[in-house]
Amino acid sequence: MVRSILDREPLWRPEDYKLSDQIMSYWTDFAKTGDPNGVDGRGNKLPEWPNMEEGDPVLHLDTPITSRPDENRRRYEFWLESDK
C-alpha cells in the first residue's frame, strides 16, 4: 500500500521553525540597519552575532544558536589567503 506524504512524520521539528525564524530575523535586521542583532519575529532578543575579526568567536547557526571559537578555520583559511 502506498503511503501519502501527509501520513508521514513531520519533516520539521519545532526547533527547526525557531531556527528558521531566527535566521530570517538576522537577515532582515541586517538589511534594515546593517547590524544583524535585534529581535526575532516573536519579539525575543536574538543571540548576539559577534563582529568578525581575526581570532574572534563566530556564530554557529544550530539549535541553540551559539557563539564560540571557530574550530573549523583551517578548513577554509586557504580562501582567505587567495585574496592577497
Side-chain angles (χ1 to χ4, degrees):
M1 177 178 267
V2 178
R3 286 182 53 183
S4 164
I5 194 165
L6 299 175
D7 294 335
R8 295 183 184 169
E9 294 285 323
L11 299 176
W12 286 59
R13 302 167 298 170
E15 57 266 29
D16 297 326
Y17 286 105
K18 180 179 178 181
L19 180 61
S20 175
D21 182 47
Q22 289 172 317
I23 292 171
M24 287 188 293
S25 296
Y26 280 127
W27 278 109
T28 302
D29 290 340
F30 183 73
K32 287 194 292 189
T33 68
D35 182 357
N37 295 301
V39 296
D40 65 17
R42 296 181 185 105
N44 301 312
K45 186 175 182 332
L46 291 167
E48 187 75 16
W49 189 305
N51 290 330
M52 178 64 174
E53 299 205 16
E54 187 76 29
D56 283 347
V58 295
L59 198 68
H60 293 262
L61 298 172
D62 201 353
T63 54
I65 294 176
T66 58
S67 176
R68 62 182 189 267
D70 186 2
E71 305 100 12
N72 300 312
R73 185 171 181 83
R74 289 184 305 146
R75 288 186 186 177
Y76 57 83
E77 206 157 40
F78 72 94
W79 289 108
L80 301 172
E81 295 300 318
S82 67
D83 285 344
K84 294 180 181 178

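Computed from heavy atoms alone, side chains included, the values below leave out hydrogens, waters and symmetry copies. Numbers for residues simply follow the sequence, beginning at 1.
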**Q.** Rounded distance [0.5 Å steps], CG in D40 versus CD1 in I23
**A.** 12.0 Å
Q.
Looking at K45, I want to see if its NZ is surrounded by more than 12 non-hydrogen atoms of other residues, nucleotides or ligands under 6.0 Å.
A. yes
Q) Where is the tightest heavy-atom contact between L46 and S25, given as atom of each residue plus distance? A) CD1-CB, 3.9 Å
Q.
Nearest 0.5 Å, please: how far is OH in Y26 from CG in L59?
A. 4.5 Å
Q: Answer yes or no: is there a donor N or O on one side and an acceptor on the other, between the side chain of N37 and the main chain of W49, under 3.5 Å?
A: yes
**Q.** Minimal non-hydrogen separation, P57 against P50, with atom names
**A.** O-CG, 3.5 Å
Q) Would you call D21 and K18 a salt bridge, taking side-chain N to carboxylate O under 4.0 Å as the test? A) no
Q. Can you name the nearest heavy-atom pair linking R68 to T66, along with the distance?
A. NH1-OG1, 2.6 Å
Q.
Go through it in stages, so that I can follow the logic: the residues are L19 and I65, the test is side chain to side chain contact (heavy atoms under 4.5 Å, CB included), and I'd like the CA-CA distance, side-chain angles, deciding distance and then a yes or no.
A. CA-CA 8 Å; L19 180 61; I65 294 176; 3.8 Å; yes
Q. If you look at every heavy atom in P47 and Q22, which pair is closest and at what distance?
A. CD-NE2, 3.9 Å
